[in-house]
Amino acid sequence: MSNKKYDIIIVGGGVSGCAVAWKLSRYNLNVLLLEKEPDLASGTTKANTAIIHAGYNADPNKLKGRLNVKGNVEIKQIAKDLSIPFKEIGSLVVGVKGDDLSILDELLEKGKKNKVEGLKIVDKEWLRENEPHLTKDAEAALWAPTAGITTPWEFALAMAENAVANGVEIELETEVLDVLTEDGNVVGVKTNRGNFGANYVINAAGLYADDVARMVGIEKIEIRPRKGEYYIYDKAKDFDVNHVIFPIPTPISKGIVVTRTIENNLLIGPTSDPIDDKTDLSTTPEGLEKVYNGAKKLFPDLTLKDTIRVFAGLRAADKTEDFVIEAADNVHGFINVAGIQSPGLSSATAIADMTLDILEDEGLKLEEKKNVIEKREEPVRFYEMSNEERAKMVEKDKKYGKIICRCETVSYKEILDAIHGPIGARTVNAVKRRTRAGAGRCQGGFCGPRVLEILSEELGIDPTEVKQEETNSQIIEYKIKELLGSKVMDNA
Amino acid sequence: MLKLKKDVVVIGGGPAGLAAAVKVFDNGVEDVMILERDFELGGILPQCIHNGFGLHHFKEELTGPEYAQRFIDDVEDRDIEVKLDTMVLDVSPDRKVYAMNREDGFLEIEAGAVILAMGCRERTAGAIGIPGTRPAGVLTAGTAQRYTNIEGLLPGKEVVILGSGDIGLIMARRMRLEGADVKAVCEILPYTGGLTRNVVQCLQDYDIPLLLNHTVTRIEGNERLEAVEISEVDENLKPIPGTEERIEADTLLLSVGLIPENELSKKADVVLDDRTGGAIVNEGRETNVEGIFACGNVLHVHDLVDWVTQEAEIAGDWAAKYVKGDMRRSDSKIKINAGKNVSYVIPQNIELEDKDRKRIPLYMRVTTPLTACEIKLSADGEELYSFNEPFAKPGEMLSVPLAQKTLNDLGKIEEITVDIIEKEGE
Ligand SMILES: Cc1cc2nc3c(=O)[nH]c(=O)nc-3n(C[C@H](O)[C@H](O)[C@H](O)COP(=O)(O)OP(=O)(O)OC[C@H]3O[C@@H](n4cnc5c(N)ncnc54)[C@H](O)[C@@H]3O)c2cc1C
Ligand SMILES: Cc1cc2nc3c(=O)[nH]c(=O)nc-3n(C[C@H](O)[C@H](O)[C@H](O)COP(=O)(O)OP(=O)(O)OC[C@H]3O[C@@H](n4cnc5c(N)ncnc54)[C@H](O)[C@@H]3O)c2cc1C
């Protein structure tokens, strides 16, 4: 354990923890972020619909409603400063024949209360023109031009990288096991890698926020996970969609969405099913059927032939069905950023602002740093470049000349940069999140062995130690002949 | 940017690309270049260290690396130019090839003719959407083969294999020989996808259970694979409730189909056939885009490398003719149709003039297993002749000759249809 005493320790490196770290990095403070997994953004932040919601759907009387719009407005500048992929493609809530279309008007009203700009009800003709593959039964829609899409893990990582550039420290594979208090004050945390001292602890532990809250005796937070399942499609597919498209919402869910991702894959989902087990990220035949049937209602021509992956994410819903962002009243220095379900991504930076306000209320002095590094350099994204641009890059550095991922055109140099970057990738999925290697149609069939080899070379570890994602997710268990060797010994 | 001009550019240095390049050269077109993205030539063959290659072409049994080496030697003997570690990124319809490597940087090559020989890729777990989790330890059989045979790494020791394609069968044996416990090979269909000889030599000889009409219905394990649930399926391939069985395993290998790798072809406006996933070609293996040819697994997935070689030689011959200006199209195009029980026929069109040739081989696959059957050719509805086959399986390619003399005698016709009919009472 280090003897260093931090001002603040953030528990959890999802988009919430990263946003708080980023905002705090502007001040003269010693900040440490602890994440139990080998990479940031590998919890709920990696498995969601990636929408920056406009903010018309959330209850204006809840934090969700207030923070969503603020986050939506803010991200547009942040995306530029930190080179976060963001596209303001707008969203549509589509009413079809037989739906109660008055719900669209209700949403419009709610949106106005939440101060969402540009909302408009559009008709059949508008839809036909702007979303040609939408079902012929579509009658009308609420159009929210300020909604957008992002790459959620890159959003979180970009904030974290800039935070690191401005002095925040990050420890991975470090799980907070207990929060240490003395005389009613937070003094630090106990982890699997020793104790770390701090005056403030921020609980941004996502699905486990209730467990972490319990470490200081807070019982009222209760995370009730709700599963969302998805299909993701190849870039080459039957048709494109131009907006984020929702059906008319139900009281508990926004329904099955059909959207495109930043890289122009099609994404359909999520379901919304309460479950008991926080580790249950399995997809189910029933769930996937719901997804497909839901999407087909909006897009009857949709087939499953170009899907490349299924996945599931868990909403960390608190029993209050709202964000719980507040200081503990039983111990000083402990702040919950819990229950961050949807629209948590959209609200992330506003959640962080609110957290900083609470910290100030709790006595933390926020003194602005001089010489803050404002920008994050845009990572080289070979797959987005023209052939001429690629030619120039290779002239600069020959390591760009070797392509490792064939589907997404990722070069050797990009993989090296990901491994040696500000928050270096240590796992195959961490490389994938930073570069897209393995995210394409062959799902790492081609580049998997190559990325594994590069990771093993660059990190100086044995190939059998390279992980896919979590601490015990080794891809390769043995060397050849190893099992035969052990057999001979067994017989001896 | 390095700009070059070549008579023929071959994309892919697997058995298809190698044989095609050699053929081009032997036809007197010596300005031919092979571009290969891997660090060595041979395509998929260097990882196929088992034997069974070349029985038809060389009349002897070779391993994959040995088979490949014969063609690599041919390429070297002729000093054919090869660029390794070179990824082709783009091909334009006017035959400009864009590629990249560490030595030359970015390359633009203007080609007289292009031969597409990029092979295929494997269908993945994501594409078939198996329910359950997504842990480490689930990989395609070909990737596992590369780990084992090229990198010397063994994915795991308790193995279930889904799909009975050849790679799955070969890997079942390979993992067993490495001391792994191969618990089952599950195949959703009532018959195997691979060659009969592989079923015998890879499964039966090692007592590895083959479960037909079975599929994996769930994947368990959060970090590394812990178990799979398998179920029997009904005639509609739907899992039958109550038949679930849980098998502990740390590794699931998938051998659930190969997909021709045609992303580049599409960039060059090559039109693909839905049935093969490869280009629509004429008997010279020329695609709809003039001067762009295709052969090997990029054209359609082959069962045996020997057929790949045959096909590549055809493509090489015609690409050379094209470059020399010796390729002439007849005024009429004959369409070759896949008829009853036939999933596809290659080539899809006949349109080149070649009065000297004796026959045109037609390659095909059946849609379903048949015993004692007849392959019937007919022209514009009139039966021409038929061939007997003792049996036919979707996993094994069939080939029949279409005689040039027949074509000459027929005169102008529109289409030829191939039907495969099961003979009654046998
Ligand atoms: C199906 C689905 C769809 C969604 N769609 C959208 C959407 O379109 N738009 C939107 O705005 N929002 C959406 N959301 C919500 C959004 O994804 C989440 O609100 C957001 O990602 C939550 O981020 P987080 O940082 O709070 O939690 P997480 O990303 O889960 O991060 C928490 C981190 O804490 C770590 N941790 C936990 N316990 C400990 C410990 N003891 N010690 C150290 N580390 C620990 C975890 O490993 C994890 O990395 C969706 C959510 C789901 C599930
Ligand atoms: C795992 C496996 C096991 C097999 N076992 C047998 C067997 O036992 N017996 C038998 O007879 N046949 C077997 N076969 C079949 C036979 O090996 C294949 O049909 C044959 O290798 C196909 O040859 P190809 O040249 O078309 O493709 P490949 O061998 O796949 O070669 C294609 C080449 O193109 C390169 N390439 C692709 N895209 C690009 C690009 N953009 N730029 C540059 N280069 C590119 C690839 O790197 C590769 O080297 C097997 C096939 C596989 C996949």
Side-chain angles (χ1 to χ4, degrees), chain A residues 231-232 236 279-285 287-288 304 307-311 387-388 390-392 394-395 398-403 406-407 409 411-412 428 441-446 448-449 452-453 463-464 467-487, chain B residues 1-2 37 85-87 89-90 98 100-108 121-137 139-140 142-143 146-157 177-180 217-224 239 250-251 259 261 263 266:
Chain A
Y231 277 108
I232 184 136
T279 66
D280 176 8
L281 284 162
S282 63
T283 58
T284 63
L288 291 174
L304 290 175
T307 58
I308 54 173
R309 195 170 172 84
V310 295
F311 66 90
N387 288 335
E388 289 69 32
R390 287 169 178 164
K392 276 200 202 107
V394 190
E395 254 156 52
K398 297 271 182 195
K399 292 196 200 80
Y400 284 112
K402 189 177 166 75
I403 299 295
R406 63 175 173 193
C407 302
T409 324
S411 66
Y412 180 49
V428 171
R441 57 181 65 92
C442 93
Q443 291 285 300
F446 177 77
L452 183 131
E453 188 183 339
T464 56
K467 297 159 195 154
Q468 178 171 298
E469 179 80 291
E470 303 85 357
T471 303
N472 296 309
S473 65
Q474 282 73 9
I475 293 164
I476 294 296
E477 307 250 32
Y478 310 96
K479 304 278 175 57
I480 59 164
K481 307 287 174 269
E482 198 176 323
L483 291 177
L484 300 172
S486 61
K487 238 186 204 152
Chain B
M1 194 182 303
L2 181 58
R37 66 180 174 201
D85 274 317
T86 302
M87 179 74 89
L89 297 174
D90 216 340
Y98 301 90
M100 225 164 52
N101 66 32
R102 282 175 78 162
E103 278 70 45
D104 307 309
F106 203 87
L107 290 154
E108 181 187 299
R121 64 165 184 272
E122 298 177 279
R123 182 166 284 128
T124 66
I128 59 171
I130 307 173
T133 51
R134 295 159 300 288
L139 62 175
T140 57
T143 303
R146 183 176 177 103
Y147 275 127
T148 317
N149 295 343
I150 305 281
E151 323 275 346
L153 302 170
L154 195 63
K157 68 169 176 188
L177 289 173
E178 277 298 330
T217 42
R218 226 162 85 83
I219 294 177
E220 284 180 32
N222 285 335
E223 307 200 355
R224 177 80 193 194
D250 61 8
T251 305
I259 307 166
E261 178 118 337
E263 278 63 41
K266 284 191 229 164

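Each chain gets a letter, A, B and so on, in the order its sequence line appears, and its residues count up from 1. These numbers come from a predicted model, not from an experiment.
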Looking at every heavy atom in both Leu483(A) and Lys157(B), which two are closest together, and how far apart are they? CD1-CB, 3.5 Å
Less than 4.5 Å apart, side chain to side chain, heavy atoms only: is that true for Met100(B) and Ile403(A)? yes
Could you state the interatomic distance from OG1 (Thr283(A)) to CZ (Arg218(B)), rounded to the nearest 0.5 Å? 9.5 Å
Contact part of Pro463(A) toward chain B, heavy-atom cut-off under 4.5 Å: side chain, backbone, both or neither? side chain
Part of Thr284(A) within contact of chain B (heavy atom distance under 4.5 Å): backbone
Residue among Lys467(A), Glu470(A), Gln468(A), Glu469(A) satisfying side-chain contact (heavy atoms from CB on, under 4.5 Å) with Glu223(B): Glu470(A)
Pick from Asn387(A), Ile475(A), Thr471(A): which one has the most heavy-atom pairs with chain B under 4.5 Å? Asn387(A)
Please classify the contact between Thr148(B) and chain A as side chain, backbone, both or neither, with a heavy-atom cut-off of under 4.5 Å. both
Against chain B, label Glu453(A) side chain, backbone, both or neither, depending on which of its atoms sit under 4.5 Å from a heavy atom there. side chain
So which atom in Ala136(B) and which in Gln474(A) form the shortest heavy-atom distance, rounded to 0.1 Å? CB-O, 3.5 Å
Which bit of Glu395(A) is near chain B, if near means a heavy-atom gap under 4.5 Å: side chain, backbone, both or neither? side chain
For a 4.5 angstrom cut-off between non-hydrogen side-chain atoms, does Phe446(A) reach Glu261(B)? no
Below 4.5 Å from any heavy atom of chain A, which atoms of Asn222(B) appear? Answer side chain, backbone, both or neither. both
Measure Ile128(B) against the heavy atoms of chain A and call it side chain, backbone, both or neither at under 4.5 Å. neither
So, the part of Val394(A) with a heavy atom under 4.5 Å from chain B: the answer is side chain
CD1-OG distance between Ile130(B) and Ser282(A), expressed to the nearest 0.5 angstrom: 13.5 Å
One should read off an interatomic distance between Tyr412(A) OH and Arg102(B) CZ, to the nearest 0.5 angstrom, of 6.0 Å
Spacing of CZ belonging to Arg134(B) relative to CG belonging to Leu281(A), to within rounding of 0.5 Å: 6.0 Å
Rounded to the nearest 0.5 Å, how far apart are CG of Leu154(B) and CG of Leu484(A)? 8.5 Å
Residue from Phe311(A), Tyr231(A), Tyr400(A) scoring the most non-hydrogen pairs under 4.5 Å with chain B is Phe311(A)
With Asp85(B), which residues qualify under side-chain contact (heavy atoms from CB on, under 4.5 Å), at least two apart? Lys402(A), Phe39(B)
Under the 3.5 angstrom rule, does the side chain of Arg309(A) hit a backbone N or O of Ala127(B) as a donor-acceptor pair? no
So what's closer than 4.5 Å to chain B heavy atoms on Leu304(A): side chain, backbone, both or neither? neither
Between Glu477(A) and Gly156(B) the two heavy atoms that sit nearest each other are CG-CA, 3.9 Å
Side chain / backbone / both / neither for Leu89(B) at chain A, heavy atoms under 4.5 Å: side chain
Working to the nearest 0.5 angstrom, can you tell me the gap between Glu388(A) CD and Met1(B) CE? 5.0 Å
Kindly indicate whether the side chain of Arg406(A), heavy atoms from C-beta on, has any atom under 4.5 Å from the side chain of Glu263(B). no
Would you say the side chain of Arg224(B) lies within less than 4.5 Å of the side chain of Asn472(A), judging by non-hydrogen atoms? no
